[in-house]
Each structure stands twice: as structure tokens, then as C-alpha cells.
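Heads up: the structure comes next, in C-alpha cells.
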2 protein chains.
Amino acid sequence: MNTDQNIGVATTRKTFAILEVLKEEEGLTITEITQRTDLTKSTIYRHLKTLSEMGYVIERDDGFYIGLRLLEIGEKTRNREAGYTIAKRKVFELGQETDERALFFVEEDLDGVYLHRYGSLSETMIGKRRPLHSLASGKVILAAWDDDKVDQYIAEKGLTEYTSNTTTDPDSLYEELNHIREQGYAVNNEEYMDGLCGVSVPVYTPENELLGALGVFGPTSRFKDKYMRNELVDRLWDKAGEVKVTIAYG
Amino acid sequence: MNTDQNIGVATTRKTFAILEVLKEEEGLTITEITQRTDLTKSTIYRHLKTLSEMGYVIERDDGFYIGLRLLEIGEKTRNREAGYTIAKRKVFELGQETDERALFFVEEDLDGVYLHRYGSLSETMIGKRRPLHSLASGKVILAAWDDDKVDQYIAEKGLTEYTSNTTTDPDSLYEELNHIREQGYAVNNEEYMDGLCGVSVPVYTPENELLGALGVFGPTSRFKDKYMRNELVDRLWDKAGEVKVTIAYG
DNA sequence: CATGAAATACCGCATAGTGAAACAATTCTG
DNA sequence: CAGAATTGTTTCACTATGCGGTATTTCATG
């Protein structure tokens with residue numbers, strides 16, 4: 001067993017260190033990237049030239065930018081499953097019909113990731129990662145797992161406290177997940193961010209495998225218990241069912 | 001001047017050679033990637049281990065997949081400009097209102113790239129690259145350039161013929177671009193693919209810089225001249241104007 | 001035109017990536 | 001269930017290649 005970081009290619013790590021910096025802030029110059037990484041000017045220079053020659057990075061007058069060839073690669077993940085594309089449509093419909101923010105959420109490496117979102121003002125949040133135990137959609141995914149995998153999540157990721165409402169105790173989490181399994185949906189009551197509530201349901205494939213979670217979220221002022229548990233949940237179940245049916249019968 | 005491919009980091013090229021293969025076809029094993037590249041088994045092994053350790057690639061039972069961390073990086077490009085996000089909304093509205101396929105198109109490295117699209121069945125096409133001279137949206141972008149840049153496009157990319165309707169002669173192209181500049185929109189009459197027509201308008205920022213092109217496309221049977229040039233163009237102009245206004249005044 | 005800063009080019013050195021081959025694990029096959 | 005075949009993983013010696021310090025050029029600025 002080899003657990004040290006020495007496996008693999010150090011050069012590739014450097015390349016992605018640069019790309020991650022550009023993801024955070026575009027239009028940086030070489031010397032600005034020097035300050036944000038522990039890489040040398042010549043190293044960054046060489047890497048950026050390589051990347052821009054291949055189109056993964058774009059060089060403009062004011063600095064370097066992420067290239068659209070990386071978008072092309074990344075988008076592959078959103079088209080992997082037929083259900084993902086259908087879910088995209090459902091997210092938009094949800095947003096339009098409820099006039100709230102809506103999302104489709106999947107898990108990767110024990111993180112929750114936004115795959116589709118409706119209702120963002122400036123940023124789409126797509127690809128952003130969130131802790132599963134602190135969001136309605138995340139808890140829906142946890143509830144679909146067996147105890148072993150939930151244990152693994154707790155062990156590897158920990159139940160970090162984001163607000164005073166975050167579930168940080170394993171036993172409480174297990175109890176809550178059982179409850180979610182029974183009722184078929186999850187609610188987030190300001191557990192990740194103060195003032196933000198949400199409700200979410202699981203989306204299954206025709207083979208009854210979990211595809212992801214479909215959810216709606218918004219300000220506490222508007223997201224009262226009755227609103228979420230009656231109006232929104234029913235609509236979410238409908239949409240989740242439509243995804244399943246559309247996968248099966250087009 | 002250094003024009004050979006020896007500039008830069010060869011190792012990074014190998015990493016992306018692997019990622020490009022996975023973009024084309026996910027779920028490949030190491031030996032399958034060996035057949036699709038000129039890389040050694042051990043090299044691919046080491047690169048994949050590095051990439052999956054960083055989350056840019058996901059290892060499953062049946063092979064390797066593009067990781068969502070690459071989606072996160074790639075999505076940065078779609079949120080770069082405020083106008084991009086607004087255009088996304090407009091593309092969806094266009095699709096809903098016309099019940100046709102709609103797109104928002106930008107240029108990078110002399111290629112046209114789909115940034116937003118509505119109405120795809122299985123694949124979103126986002127990030128896919130198309131030749132500018134063979135699509136309505138591409139010609140709109142060419143028409144916004146000065147002759148020098150159009151010359152550069154012709155020289156570097158060439159006017160490849162995709163159908164018998166593709167404009168392959170520089171003089172005809174210049175003539176057509178002038179026409180597009182006058183009328184303020186472009187039409188694609190089966191110039192990229194037989195049976196496929198489209199119409200597109202430019203989208204400008206409040207500073208009157210070209211942001212991209214907004215378009216609608218569909219089958220020749222439905223996309224008659226009057227339909228495109230009256231109904232659709234007016235609606236496209238409206239939406240393009242709304243993008244501009246929304247950028248300026250929120 | 002001088003000054004400073006950033007980008008680019010150069011180059012010797014040692015590291016780190018490479019490929020071949022050996023080994024282990026897994027699957028296929030009769 | 002044994003043996004074969006395929007694939008994944010590890011090892012290792014070699015040297016190609018990535019690295020960083022420095023030199024040079026370009027560019028902006030006063």
C-alpha cells in the first residue's frame with residue numbers, strides 16, 4: 001500500500017496547480033501566479049506556454065484565462081448519463097414553475113456536486129462541491145447509502161459544523177437518515193448557511209439506482225415547513241418520477 | 001522565433017492526451033488507452049493514478065472517467081462574463097418561446113464554441129467547436145471582425161466545404177459578411193449540415209463589444225426564409241438587446 | 001532616455017519521468 | 001479446477017527532460 005504523495009507525476013501536479021489558481025481568478029500574469037503558488041517563474045512560464053499552445057489556457061493582453069477546451073472536457077461529465085440531461089430540463093422547469101432556485105446534485109468522492117442549477121444571478125455554481133451532511137440534497141444521497149458508506153463519509157469527511165443547525169453527531173445523523181428514508185425527502189433548515197433552507201428528493205433510474213438529488217432552496221422567510229413539505233415535495237416527486245420515466249421510455 | 005512543438009512540458013502533453021481520450025470515450029481501462037495513444041502502459045498508469053488522486057479523473061470498476069473537478073474548472077469559462085450568464089437565460093427563453101433549438105456561441109482561437117444550448121436530446125454540445133464560416137452564428141462573429149482578422153481566419157483555418165452550400169470562396173465570404181453587417185443578422189442555409197438551417201444575431205455589451213452570437217436552428221422543412229427572416233430575427237434582436245440592457249442595468 | 005518590472009530565452013545539473021520487463025491479480029477457458 | 005491469457009501494478013536503470021538561477025529582451029512609465 002502506497003499512501004504517500006510521491007506516486008505519480010509531479011509535473012502534472014504543477015500544471016493543475018496553475019489551472020486551479022486560474023480557476024479562482026482569471027487574467028493573472030505569470031508573476032501573479034508566482035505569488036499564488038510555490039512554483040518558479042520559469043516553471044510557470046513553460047507550463048503556461050504548453051497549456052496555451054494546446055488551448056487549455058488562453059493568453060490575452062491582461063493575463064491568462066481558462067480555455068474552452070477545458071469546458072469541452074468537463075462537460076463530458078454532465079452528459080455521461082442520459083438521466084443527467086433530463087434532470088437538467090427538470091431543474092429548469094422546477095425553477096420556472098416555483099420561481100425558486102432549483103438544483104440537481106450528484107455525489108463524487110464523498111462530496112456533493114452541483115450538476116445543474118437554476119436561478120443563480122451571476123454564477124451558476126455548477127461543479128461546485130458541498131458537504132453532503134449539511135444540505136437537503138446531500139442528505140438525500142446519504143440516505144440512499146448503506147451504513148458502511150455513511151460511516152466512511154463520517155470518517156473521511158467528518159461532520160463539520162457550518163451553522164448551529166448542522167447535524168454534527170453521528171447518531172443524530174443516522175436517525176435523520178432513517179427518517180428521510182421513510183418519508184422520501186429531506187429538508188435543510190439553515191444547516192449549511194444561515195437564512196437558507198431547502199428541500200430535496202432522490203432521483204432514481206429505471207433500474208432503481210440512485211442518479212442524484214433534485215431540490216429547491218431559498219430564504220428561510222419564504223421556506224416555511226408547510227410550503228416545503230406540501231407544495232414543493234409533491235412537485236419534486238413528480239419531476240423525479242418524470243426523469244425516471246423519460247429515461248425508460250424516451 | 002520558436003515554432004516547433006518542443007516548447008513546454010512534454011509530460012503535461014501526455015496527461016492531456018489521456019484526458020482527451022477519456023473525453024471521447026469514458027470507462028476505458030489502462031490497456032484500452034494504450035491502444036488509443038502512443039503512450040506506454042506504465043506511463044498511462046502513473047498519469048492516471050496522479051489524476052485520480054487529484055480528482056480530475058475517477059476510477060471505477062469498469063475503467064476511468066473524467067472527474068467533476070474538471071467540470072468545475074471548465075465552468076469558470078461560462079461565468080467569466082456577466083453577459084454569458086444572462087445569455088444562458090435568453091437561450092432557454094428562446095427555446096421555450098419558439099419551440100426550436102437555440103444557442104449562444106462565442107469565438108476562441110478562431111473556432112466557434114457552443115457556450116449555451118437549448119433543445120438537445122441526449123447531448124448538450126456545450127464546449128463543442130465548429131467552423132465559423134459554416135454556421136449562422138459563426139458568420140455573425142466573422143461579420144463583426146475587420147478584414148485583417150477574417151483574412152487570418154481564412155489563412156489559418158481555411159474555408160472547408162461541409163456541404164455543397166458552404167461558402168468556400170473568400171470573395172463570396174467577404175460579400176456575404178458585408179450583407180450580414182448591413183442587415184444585422186446571418187442565415188445558414190444547410191451550409192454545415194444537409195437539412196439543417198439557422199439564423200443568428202450578434203450580442204453586444206453596453207460598451208459595444210461583441211459578446212457572442214445568439215441563434216436558433218432547425219430542420220430545413222420548417223426553417224423557411226420568411227419564418228427565419230421575419231419571426232425569428234425579430235425575436236433574436238429582442239433577446240440580444242435584453243442581454244445588453246441587463247448587463248448595463250442589472 | 002533612463003528606470004523598473006515583467007516576460008522570454010538560455011543553460012548546466014540533477015531530478016524525475018520513462019519504458020521494458022518482471023510480478024501479481026484477475027478473468028477466461030476448456 | 002487447473003492453466004492460459006489478459007490486465008494491472010511494481011521495480012529499476014537510464015537518460016531525457018523538467019527545473020531554477022541567471023541573462024536578456026520587451027515593454028511601460030516617468
Side-chain angles (χ1 to χ4, degrees), chain A residues 1-67 70 109, chain B residues 1-67 70 108-109 148:
Chain A
M1 182 146 155
N2 222 337
T3 327
D4 52 324
Q5 315 87 317
N6 299 12
I7 7 161
V9 194
T11 305
T12 303
R13 285 177 211 282
K14 288 173 190 158
T15 290
F16 278 99
I18 294 170
L19 289 174
E20 286 289 343
V21 165
L22 286 181
K23 183 197 77 186
E24 294 305 324
E25 189 180 359
E26 286 189 308
L28 295 174
T29 64
I30 291 179
T31 28
E32 283 171 327
I33 298 173
T34 312
Q35 296 151 10
R36 273 153 244 246
T37 59
D38 49 4
L39 303 173
T40 311
K41 196 167 58 157
S42 29
T43 301
I44 294 170
Y45 173 78
R46 208 159 353 95
H47 280 255
L48 281 175
K49 283 299 162 191
T50 313
L51 288 169
S52 68
E53 203 210 29
M54 294 188 290
Y56 300 115
V57 148
I58 298 297
E59 184 172 5
R60 293 193 192 158
D61 311 330
D62 63 332
F64 291 89
Y65 292 77
I66 303 287
L70 276 169
D109 273 344
Chain B
M1 182 141 158
N2 222 337
T3 326
D4 52 326
Q5 316 88 315
N6 299 11
I7 8 159
V9 193
T11 305
T12 302
R13 285 178 209 280
K14 289 172 189 159
T15 290
F16 277 99
I18 294 170
L19 290 173
E20 286 290 342
V21 166
L22 287 182
K23 183 197 78 186
E24 293 306 323
E25 189 180 358
E26 286 189 310
L28 295 175
T29 65
I30 290 178
T31 28
E32 282 171 328
I33 297 173
T34 311
Q35 297 151 10
R36 273 154 245 245
T37 60
D38 50 3
L39 302 173
T40 310
K41 198 166 58 157
S42 32
T43 301
I44 294 169
Y45 173 78
R46 208 157 356 92
H47 279 255
L48 280 175
K49 285 298 164 190
T50 313
L51 288 169
S52 69
E53 201 209 30
M54 293 189 292
Y56 299 115
V57 148
I58 299 297
E59 184 173 3
R60 293 193 193 158
D61 312 330
D62 64 332
F64 292 89
Y65 291 78
I66 302 288
L70 275 169
E108 183 182 271
D109 272 344
D148 280 356

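Quick note on labels: first sequence line is chain A, next is B, and so on, each numbered from 1. Computation of the quantities below employed the complete heavy-atom set of this structure, encompassing side-chain atoms and omitting hydrogens, waters and symmetry-equivalent molecules.
- For C:dG19, the base has a donor-acceptor partner in the side chain of B:S42 [N/O atoms by modelled type, under 3.5 angstrom].
- Going from atom OG1 of A:T15 over to atom CZ of B:F16 covers 6.5 Å, rounded to the nearest 0.5 Å.
- The CG atom of A:L51 sits 9.0 Å away from the CZ atom of B:R13 when rounded to the nearest 0.5 Å.
- Distance from the side chain of B:T40 is smallest for C:dG19 among the nucleotides D:dG18, C:dG19, D:dT9.
- Contact annotation for A:K41: base contact, defined as any heavy-atom pair under 4.0 Å involving a base atom.
- Summarising the geometry, the separation between CG on B:D61 and P on D:dT7 is reported as 17 Å, rounded to the nearest angstrom.
- Residues of residues 20-35 of chain A having a heavy atom closer than 4.0 Å to DNA chain C, listed by number: A:T29, A:I30, A:T31.
- Distance B:R46 CZ to C:dA20 C1': 12 Å, rounded to the nearest Å.
- Counting to the nearest Å, the C1' atom of C:dT27 and the CG atom of B:D62 are 16 Å from each other.
- Going from atom CG of B:L51 over to atom C1' of C:dG17 covers 14 Å, rounded to whole Å.
- The distance from the CG atom of B:L39 to the CG atom of B:L48 is 10.0 Å, given to the nearest 0.5 Å.
- Between B:R60 and B:E26, none of the side-chain N atoms (NZ, or NE/NH1/NH2) sits under 4.0 Å from a carboxylate O, so this pair counts as no salt bridge.
- Residues A:E59 and B:L39 both approach DNA chain C. Their nearest nucleotides, taken by heavy-atom distance, put A:E59 toward the 5′ side.
- Atom pair B:K14:NZ and C:dG19:C1' shows a separation of 10 Å (rounding to whole Å applied).
- Between atom OH of residue A:Y45 and atom CD1 of residue A:I33 there is a gap of 13.5 Å, rounded to the nearest 0.5 Å.
- Not one side-chain nitrogen or oxygen of B:H47 sits closer than 4.0 Å to the OP1 or OP2 atom of C:dG17.
- For the residue pair B:T12 and A:T50, no side-chain donor N or O sits within less than 3.5 Å of a side-chain acceptor on the partner.
- For the pair A:R36 and A:E25, the salt-bridge criterion is met [side-chain N within less than 4.0 Å of a carboxylate O].
- At whole-Å resolution of the value, CD1 in B:I44 and P in D:dT9 are 13 Å apart.
- Between A:K49 and C:dT8, a side-chain N or O to OP1/OP2 separation shorter than 4.0 Å is present.
- Remark: A:T11 is not in phosphate contact with D:dG18, judged by side-chain N or O atoms under 4.0 Å from OP1 or OP2.
- A donor and an acceptor atom never sit less than 3.5 Å apart when one is taken from the side chain of A:T43 and the other from the base of D:dG20.
- Sequence order on DNA chain D of the closest nucleotides to A:D38 and B:Y45 puts B:Y45 first from the 5' end.
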